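Note that the numbering runs from 1 along the sequence shown for the chain. All of these numbers come straight from a predicted model, not from anything done at the bench.
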Amino acid sequence: MKLTYIQQIPYRHLRDDFAALHSESVVTNPFYELVDRDLLHADLRDALYESMHAARAGFDAVGLQEHGSSSYDINPNPDLGAAALAYATEAEGLRVGIYLLGRSLGKSREPVRVAEELAWIDSISGGRLLAGFPVGLAYDANVNAGVPPIETRGRYDENFELILRAWTEREPFAWNGRYSQSMGVNIWPRPYQSPHPPISITGIGNPATTRFALERDLGFNLVTLGSDPKIGAAPIFDSMWSMASEMGIDANPYRAAMAVTVLVGETDEDAEKLYSKHLEYHLSRGLGHIPMNRLALPGGISPQGLKVLLAQPAPPANLPAPSYAEAVRSGLVVAGSPATVRETLADYARSFRIGQLLVFLQVGSMPIELTKHNIDLFASEVAPHLRPLWSEYDDDNRWWPVALGGQPASNKQADTTGARLK
């Protein structure tokens, strides 16, 4: 099993009355009223320190996401942090993947620039980049970037094809798309990996998205929106593997990943004592303080995806954010002793047939030393028990860089005449 440390970059110092005074942690949250620049400087620096600590602790990859106009993840362009991590890990000789989860193609108005930046990161890392291409959340793609919701998926398809061609075409070419045009596309550098870095797509379980991932042989990363994975994730992965069987596609678990927040203490009681206030900060002032109209807008999600989204359990409106105990009990977070955590995660891996876990170990207001403690406990007491899972597929992991023991990406990924997201 592959284990990736995912770093979000929250502002860790919002006031206790933030949720009462402000309706959301995105778009309208007032920067000047809320932020101390020295504290923000420390938060940005600490996020990179935490990622490097995870790399030194032995994680297979460290990853970043893209979120604009956000106080829960201040990362409008994850390529910036990824470049820093690529150089720092290379300088220290750390053979760890650089996972961008990644660049939201449904909102991008400069896809050639995305292609060049990722190729640059892949080159400076010596071929350790993993490229994730989510569609993009509604508040980011449609509100911040001003892309009409009805265009989001079509823009994704076009940008995806252009980036693949920019990475793989041997000669300059003209591009006359609906959303972007260029008299000559000829990026420098090209990716270090050939034909290109492994590609994944992140989704909430839309059958059209999982089918697209299977048809193109892409990795699929599942993020469930506030539900117990046993309830929210199980039917999505069951559907995915049934679809793969019907399509005659192998059920290699390394093509599937799931994001999960993990808090590890010496005992279950110790975990609650250490992390409860930081998780509750996250749920009341961070990711848990985003209204549904910022996550999905009419026209921006297919009917199949809307059906999946509405089927996931949602908390009743206007209720307080869940407590630590409620979040653990409902499966929003995996927390407790090393034994509790590893048993739960191993069960997820086997039940859902997933070969990759995307692990959040810093949440909300958690300070750097506590984050490092969480990383160390996970790396020493949990990870060794998970790594042997699915080892029989290690020789056919084409969703991992060759430089780190993976296999080359299949030709299906680079086939620009292949399946579309729509």
Side-chain angles (χ1 to χ4, degrees), residues 6-11 22-29 63-79 81 99-111 114 131-157 159-160 200-206 208-210 212-213 220-227 232-233 236 257-261 282-283 285-310 312 314-315 332 358 360 363 421-422:
I6 305 298
Q7 180 76 58
Q8 289 196 330
I9 310 175
Y11 184 66
H22 306 286
S23 61
E24 57 188 356
S25 60
V26 296
V27 182
T28 62
N29 43 348
L64 296 167
Q65 299 175 294
E66 177 179 345
H67 296 116
S69 298
S70 158
S71 55
Y72 79 91
D73 187 20
I74 308 169
N75 208 354
N77 183 350
D79 293 356
Y99 207 149
L100 281 165
L101 281 167
R103 295 310 306 269
S104 301
L105 296 189
K107 79 170 194 180
S108 179
R109 299 180 186 276
E110 295 185 280
V114 172
F133 292 132
V135 177
L137 294 171
Y139 82 81
D140 210 6
N142 309 131
V143 179
N144 296 342
V147 173
I150 197 67
E151 290 184 3
T152 305
R153 296 174 80 82
R155 186 180 291 271
Y156 181 98
D157 278 333
N159 288 343
F160 186 82
S200 65
I201 181 170
T202 300
I204 59 171
N206 185 337
T209 303
T210 51
F212 171 70
F220 174 70
N221 308 319
L222 178 66
V223 176
T224 55
L225 299 176
S227 63
I236 293 168
M258 187 176 75
V260 59
T261 298
H282 175 67
L283 296 174
R285 286 171 258 180
L287 187 59
H289 198 51
I290 304 176
M292 182 54 70
N293 67 297
R294 298 305 194 191
L295 299 174
L297 288 172
I301 186 170
S302 70
Q304 303 99 314
L306 186 60
K307 182 178 179 181
V308 170
L309 183 63
L310 293 176
Q312 294 188 19
L332 281 174
L358 312 172
F360 295 92
V363 294
L421 183 62
K422 292 186 284 188

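Ring-plane geometry between Phe212 and Phe160 is classed as perpendicular, the angle between the planes exceeding 60 degrees on a 0 to 90 degree scale with a lower cut at 30.
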Review point. Can you list the steps and then say if Leu287 with Phe360 is a side-chain contact (heavy atoms from CB on, under 4.5 Å)?
Key: CA-CA 12 Å; Leu287 187 59; Phe360 295 92; over 6 Å; no
Exercise for review: List the steps and the verdict of side-chain contact (heavy atoms from CB on, under 4.5 Å) for Asn159 and Val114.
Suggested key: CA-CA 9 Å; Asn159 288 343; Val114 172; over 6 Å; no
Point to revise | From CA spacing to verdict: side-chain contact (heavy atoms from CB on, under 4.5 Å), Ser69, Val26 | key: CA-CA 6 Å; Ser69 298; Val26 296; 5.8 Å; no
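When all heavy atoms are compared, the tightest approach of Tyr139 to Val143 is O-CB, 3.2 Å. For the pair Arg155 and Lys107, the tightest heavy-atom approach, listed with the atom from each and the gap, is CD-C, 4.2 Å. The shortest heavy-atom contact between Arg294 and Thr28 is NH2-CG2, 3.9 Å.
Under the salt bridge (charged side-chain N to carboxylate O under 4.0 Å, His left out) criterion, Asp79 pairs with Arg103, sequence neighbours left out. For Pro76, there are no side-chain contact (heavy atoms from CB on, under 4.5 Å) partners at least two apart in sequence or on another chain.
No donor-acceptor pair closer than 3.5 Å links the side chain of Tyr72 to the backbone N or O of His67. In this structure a side-chain-to-backbone donor-acceptor pair under 3.5 Å is missing from Asp73 to Gln8. Arg285 places no side-chain N or O within donor-acceptor distance of the main-chain N or O of Ser71, the cut-off being under 3.5 Å. Here the side chain of Asn221 pairs no donor or acceptor atom with the backbone of Ala257 at under 3.5 angstrom.
Screening Pro78, Ser200, Pro134 for a side-chain contact (heavy atoms from CB on, under 4.5 Å) with Leu100, the sole residue that qualifies is Pro78.
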